[in-house]
Amino acid sequence: MGSVGAKEIPVLLNADGRRIDGRRLDELRQLSITAGPLNQADGSAFVEWGANKVMAAVYGPREVHPRHLQENNKAIVQCRYNMAAFSVDERKRPGLDRRSQEISKVIAEAFESVIFVEEFPRTSIDVYIEVLQANAGTRCAGVVAASVALADAGIPMVDLLPSVAVGKIGGAIALDLKKEEDNFGEADLPMAMVPQSGRLVLLQMEGHMNREELSQALELGVSGCRQIHEKMKAALRERYAPSSANPSEAAA
Ligand code: UDP
């Protein structure tokens, strides 16, 4: 541990290039995705990613409320990202703050660009993301969960939307930051990508990176998104065609 004033700053990268949890720079945290855990929603998914636990539920296409938001030529996509009061170490004040509003907006815009919204005029597709336990990267976990939930609801989309945060820690570019890395690192860059085309539909940045670091980070993020995409597809296969997801089970 180093220290600045009274604050303890953990060493984020050791001499062997390992991170505080032993991961390499290009390694994801453990990710598990369950499609369809909720009975009441049209579609749902639960994601456990490192210490993050995130539930997503989708309703729609359905009637728009309030009515004046209705669009004659397409569906609107509404998203509510919410962090439970008990999701973090220091109890979070319940309700929508500026951060949740911003995250809800960028996630809704990301999905609006991949859902075939023209097919459902005058309707709303509603995405609810509830963060039950948070440890950095919750907006990305929310996008992954919501994307699988949208597919579970049968909403037609160009593709699933894998998402991950890349960052800079101890001067190096790293995949999938956990909380200490997010808090004490030099930069955090959440992204979401359409796997088919490589198009980025969500890209934010906090902190500083130079041009070369940014392109390295994007490259690392793309490879992370490709791995996450495979897990998203596997979760949907497990729900809709469990025998093909696990051939040994089918043989048993
Ligand atoms: N966090 C917190 N309280 C808050 C907001 C965030 O403790 O009110 C923590 C939480 O662990 C979160 C992390 O800080 O995952 C990083 O937050 P950020 O705003 O970067 O969003 P995220 O990385 O979760 O998408």
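Predicted, not measured: the structure shown is a model, and the values here were computed from it. Whatever order the structure lists ligands and atoms in, that order sets their numbers, starting from 1.
For Glu90, no heavy-atom contact with ligand 1 is shorter than 4.0 Å. Residue-level proximity to ligand 1 for Arg139 is carried by backbone and side chain together, each with a heavy atom below 4.0 angstrom.
Closest to atom 24 (O) of ligand 1, if we only count protein heavy atoms, is Thr138 OG1, 2.5 Å. In terms of protein heavy-atom proximity, atom 23 (O) of ligand 1 is closest to Gly137 N, 2.7 Å. The nearest heavy-atom contact from the protein to atom 14 (O) of ligand 1 is Lys179 CE, 3.8 Å. The nearest protein atom to atom 20 (O) of ligand 1, hydrogens excluded, is given as Asp182 OD2, 3.3 Å; this is a heavy-atom distance. The protein heavy-atom contact nearest to atom 19 (O) of ligand 1 is Arg99 NE, 2.7 Å. With respect to atom 8 (O) of ligand 1, the closest heavy atom belonging to the protein is Lys92 CG, 3.9 Å. Nearest protein heavy-atom contact of atom 3 (N) of ligand 1 is Val88 CG1, 3.9 Å.
Arg237 contributes no side-chain N or O that, together with a main-chain N or O of Ala241, makes up a donor-acceptor pair within less than 3.5 Å. Panel note: side chain Asp21, backbone Arg23; a donor-acceptor pair is recorded below 3.5 Å. For the pair Arg226 (side chain) and Pro195 (backbone), a donor-acceptor distance under 3.5 Å is present. Panel note: side chain Ser87, backbone Met83; no donor-acceptor pair is recorded below 3.5 Å.
Using a non-hydrogen distance threshold of 4.0 Å, Met83 registers as a contact of ligand 1. At least one heavy atom of Ala136 sits under 4.0 Å from some atom of ligand 1. Taking a 4.0 Å cut-off on heavy atoms, Ala165 fails to register as neighbouring ligand 1.
Per-residue contacts place Asp188 under 4.0 angstrom from the following atoms of ligand 1 (heavy atoms of the residue considered): 20 (O). Distances below 4.0 Å separate heavy atoms of Ala134 from the following atoms of ligand 1: 10 (C), 11 (O), 15 (O). Atoms of ligand 1 found under 4.0 Å from any heavy atom of Asn135 (numbered from 1 in listed order, with element): 11 (O), 15 (O).
In this structure the side chain of Arg24 reaches within 4.5 angstrom of the side chain of Glu27, judged on heavy atoms. Side-chain contact between Arg62 and Asp126 is present, with heavy atoms from C-beta onward closer than 4.5 Å. Under the 4.5 Å side-chain criterion, counting only non-hydrogen atoms from C-beta, Gln133 is not in contact with Glu48. In this structure, Asn183 and Lys179 have side chains that are in contact, with non-hydrogen atoms separated by less than 4.5 Å.
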Donor-acceptor pairs under 3.5 Å, side chain of residues 150-177 to any protein atom, not counting sequence neighbours: which ones?
| residue | atom | partner | partner atom | Å |
| --- | --- | --- | --- | --- |
| Asp152 | OD1 | Arg239 | NE | 2.7 |
| Asp152 | OD1 | Arg239 | NH2 | 3.4 |
| Asp152 | OD1 | Tyr240 | OH | 2.3 |
| Asp152 | OD2 | Ser44 | N | 3.0 |
| Asp159 | OD1 | His229 | NE2 | 3.4 |
| Asp159 | OD2 | Gln196 | N | 3.2 |
| Ser163 | OG | Met191 | O | 2.8 |
| Lys168 | NZ | Glu213 | OE1 | 3.2 |
| Lys168 | NZ | Glu213 | OE2 | 3.0 |
| Asp176 | OD1 | Arg29 | NE | 3.2 |
| Asp176 | OD1 | Arg29 | NH2 | 2.9 |
| Asp176 | OD2 | Arg29 | N | 2.7 |
| Asp176 | OD2 | Arg29 | NE | 3.4 |
| Asp176 | OD2 | Trp49 | NE1 | 2.9 |

In residues 64-73, what donor-acceptor pairs under 3.5 Å come from side-chain atoms, sequence neighbours left out?
| residue | atom | partner | partner atom | Å |
| --- | --- | --- | --- | --- |
| Arg67 | NH2 | Glu63 | OE2 | 2.8 |

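In terms of N/O distances under 3.5 Å, ligand 1 is not approached by Asn52.
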